[in-house]
Amino acid sequence: MSAREKPRLGVFKFSSCDGCQLSLLDCELELLAVTDAVEIAYFLEATRKDMKGPFDVVLVEGSITTPHEAELIRQIRKSAKVLITIGACATSGGIQALRNFADVNGFLDIVYARPDYIETLDTATPIADHVQVDFELRGCPINKYQLLEVLNAFLNHRKPNIPNYAECIECKQRGTVCVMVAKGVACLGPVTQAGCGGLCPASHRGCFGCFGPMESPNTTALADRFLNELGQDKGTVLRAFRSFNANAPAFREESLKHE
Amino acid sequence: MSNRVIKVDALARVEGEGSLYVRVKDNEIKEVRFGIFEPPRFFEAFLQGRHFMEVPDITARICGICPIAYQMGAIQAMENAFGVEVPGPIRDLRRLIYCGEWIESHALHVYMLHAPDFLGLSDAIQLAKSNRDLVQKALRLKKIGNDLLEAVGGGRAIHPVNMRVGGFFRTPRKAEIRALIPDLEWAIQASHDTIRLVGGFNFPDIEQNYTFVSLRHDREYAIHEGRVVSNRGLDIGLPEFLDHFDEEHVKHSNALHGFQKPGKQPYHVGPLARYAINYDRLHPETLSAAKSAGLGPVVRNPFQSIVVRSLEILQVCLDALTIAKNYEEPDQPHTEPVVRAAVGYGATEAPRGLCFHRYEIDDQGLVKTARIMPPTAQNQKIIESDLWKVVAAHLSLPDEDLKWRCEQAIRNYDPCISCATHFLKLTVDRE
Ligand code: SF4
Ligand code: SF4
Ligand code: SF4
């Protein structure tokens, strides 16, 4: 295939930590194969080439937190055949969505001496709140093998094979002893979508939900268990649901119950 | 064309996004403004009210490139507040995981973000076309850094899950750490090759009389602990940091600009500063590599930061190898902290420079106030000052070339723009 026929990939960043796009560069063993298969047409973190669309596939990291970002994502959508959002920031608003529960002006005053210099929205919102999204890849950060699977799937016009069952299944697959049952450690695994490979329980700690809520999670049952069996207070339960996916509807609703 | 404006709207190959505005009138520079337009994410504000145990996972998300810097700084600040001492093997594991972050971040920057500038290429993908072996070697080096991060950090290099206040959730088995040794031995050879390669690049002729600030430790090349020391006689403990340094908010940037009091003087943090201040703490093998590359004990040309960074890769590979060889599993993965109302300080050397933390904790273990000074914020003023010199020296260049030079001057700092909680637009205004 000549260079001109390769599918064109664009990687765009909004409000985020750069970790999810770095996951692409972290695919060290597969990276050269990826750059052989696609033309990286826009990726500020990796190249100063600045080429305009159209793009066959666009990866979007980060959430929308300024009026400028809200405008830019609409333009990008117009130039993209397929738009995939990567990571908790892009799929739920990310950690910066904690502002959605507070008065952003209060936040401005704490961090900046001259809040009048700063242009920001009151909220941090996922990309899908602004434009149509073709696929959402979860995680804070995303799992790089899942990223390769999703890219591969879209380049070959098939559906990505990404599970949406609970984190607990990964514990079973890995043979990890349940930290909640064995040690009474609070764990969000039962309501969190699998994908990380079961990292936290394997490190003897509870899952803190960085892949966001699974499909139809029973957050209320889990919160009851935290309160009644593990002896946690309301504040602790509230904060458990209010972290990297605080703005994902299921986690958002549960945290509001404990205010 | 006696008046011109140069604008770079989106700076490539830096983490995050920045902009540069230069105004020139009658061949005289009137204004240089380096701005970071990364939208504010308000970390210090929403840390208020969080439990101290949640803080390291949250601060990690300030930056995906150097999460360890943010996790470890926060962890050590909490330990400082609660009076927790960590035993030797835990301390070694901390240094080991930080070495992993240095290798990963420095290898990424040296080969993929910075070297293309010196080779006249737009990126590492082009480099891979002309020299695939080199890029493969760079990627393997980078991967070894990530392997260290994964081995100690609980299976993931970006935002590792295993570090906590008091130590680790689970300490790695001896066999897991010993398994890293052959790769580290390869990495040491690869680092020597890197130093030879980048040492031979052509460097633009600029020297700056910097105030260097970095950590200094009494035995080690300072990475994760030390006093704050400058090349102009400053030598202080962390609680005094804010007496000497502060940040201000300027209109053209979302990142705060750090300065040294009094007189709001710019200062320089990062590889050049660490190297100058800790030269006598370098491993003999690193020292001789530095001499072969033609470097003396102080490097004042910001473009040579790529050589110093490569020396630092060698230094931390050597460090990591020693730790890996001597690692014994600790009895306890962590010490349980006893909560009390207190103020705690932490500072570490992120790959791009000193990162300072201060937290005030209440008697329930909740954060009352948080203050974090990331390296890029501290370097803002000095980057502007370098840019001024670079523009002055290259005014005759056409806009496109001048733009590239300016971008390079900024990339010298490997600015982590997301961590400045905040990206390059270059505007050169030639009136
Ligand atoms: S989802 Fe997490 S890792 Fe990804 S960009 Fe956002 S904060 Fe960074
Ligand atoms: S440790 Fe957590 S994720 Fe694993 S099985 Fe138990 S509850 Fe589920
Ligand atoms: S176990 Fe939970 S918190 Fe830990 S990495 Fe996996 S999804 Fe994230």
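Quick note: numbers below take in every heavy atom, side chains included, and nothing from hydrogens, waters or symmetry partners. Chain identifiers are assigned alphabetically (A, B, ...) following the order of the sequence lines, protein sequences preceding nucleic acid strands; residue numbering begins at 1 within each chain.
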Query - Least distance between heavy atoms, A:Arg205 atom then B:Val161 atom - result: NH1-O, 2.6 Å
Requested in this report: Side chain from CB out, backbone as N, CA, C, O: work out which of these in B:Glu247 comes under 4.5 Å of a heavy atom of chain A, or both, or neither.
Outcome: neither
Requested in this report: Among the options B:Arg164, B:Gln48, B:Arg156, B:Glu54, pick out the one with the most heavy-atom pairs lying under 4.5 Å from chain A.
Outcome: B:Arg156
Report task. Evaluate whether atom CD of A:Gln173 has more than 12 neighbouring non-hydrogen atoms of other residues, nucleotides or ligands under 6.0 angstrom away. Result -> yes
Query raised in the report: Is it the backbone or the side chain of A:Cys210 that comes under 4.5 Å from a heavy atom of chain B, or both, or neither?
Result: side chain
Query - Result of checking B:Arg140, B:Lys142, B:Gln136 against A:Glu28 for side chain to side chain donor-acceptor pair (under 3.5 Å) - result: B:Lys142
Report summary line: Most contact-rich option vs chain B, by heavy-atom pairs under 4.5 angstrom, among A:Leu32, A:Thr35, A:Leu29, is A:Leu32
Requested in this report: Check each atom of B:Arg50 against the heavy atoms of chain A and say whether the ones under 4.5 Å are side chain, backbone, both or neither.
Outcome: both
Report task. Return yes when atom CZ of A:Arg174 has more than 12 non-hydrogen atoms of other residues, nucleotides or ligands closer than 6.0 Å, and no otherwise. Result -> yes
Query raised in the report: In terms of heavy-atom pairs under 4.5 Å with chain A, which of B:Asn162, B:Thr171, B:Thr369 leads?
Result: B:Asn162
Query - Flag side-chain contact, heavy atom, 4.5 Å: B:Glu104 against A:Asp26 - result: yes
Query raised in the report: Within a strict 4.5 Å, meaning less than it, do heavy atoms of the B:Phe42 and A:Leu98 side chains meet?
Result: no
Report summary line: If one checks every heavy atom of A:Ser23 against chain B at 4.5 Å, the contacting part turns out to be both
Requested in this report: Sort B:Ile58 into side chain, backbone, both or neither according to what part of it lies under 4.5 angstrom from a heavy atom of chain A.
Outcome: both
Query raised in the report: What part of A:Arg99 gets closer than 4.5 Å to chain B, counting heavy atoms only: side chain, backbone, both or neither?
Result: side chain
Requested in this report: Check B:His159 against A:Pro141 and note the closest heavy-atom contact, atom names and distance.
Outcome: CD2-CD, 3.7 Å
Query raised in the report: Looking only at heavy atoms, which two atoms of A:Ser203 and B:Gly154 are closest? And how far apart?
Result: OG-CA, 3.6 Å
Report task. Find the distance between CG (B:Asp57) and CD1 (A:Ile95) and round it off to the nearest 0.5 Å. Result -> 9.5 Å
Query - B:Met112 side chain near A:Leu31 side chain, heavy-atom distance below 4.5 Å - result: yes
Report task. Find out whether B:His51 and A:Thr236 are in side-chain contact, i.e. whether some heavy atom of one side chain is under 4.5 Å from a heavy atom of the other. Result -> no
Query - Side chain to side chain, B:Gln364 and A:Asp233, heavy atoms closer than 4.5 Å - result: no
Requested in this report: Please look at A:Phe101 and chain B and tell me whether the side chain, the backbone, both or neither of the residue comes under 4.5 angstrom of a heavy atom of that chain.
Outcome: neither
Query raised in the report: Would you say the side chain of A:Cys89 lies within less than 4.5 Å of the side chain of B:Arg61, judging by non-hydrogen atoms?
Result: no
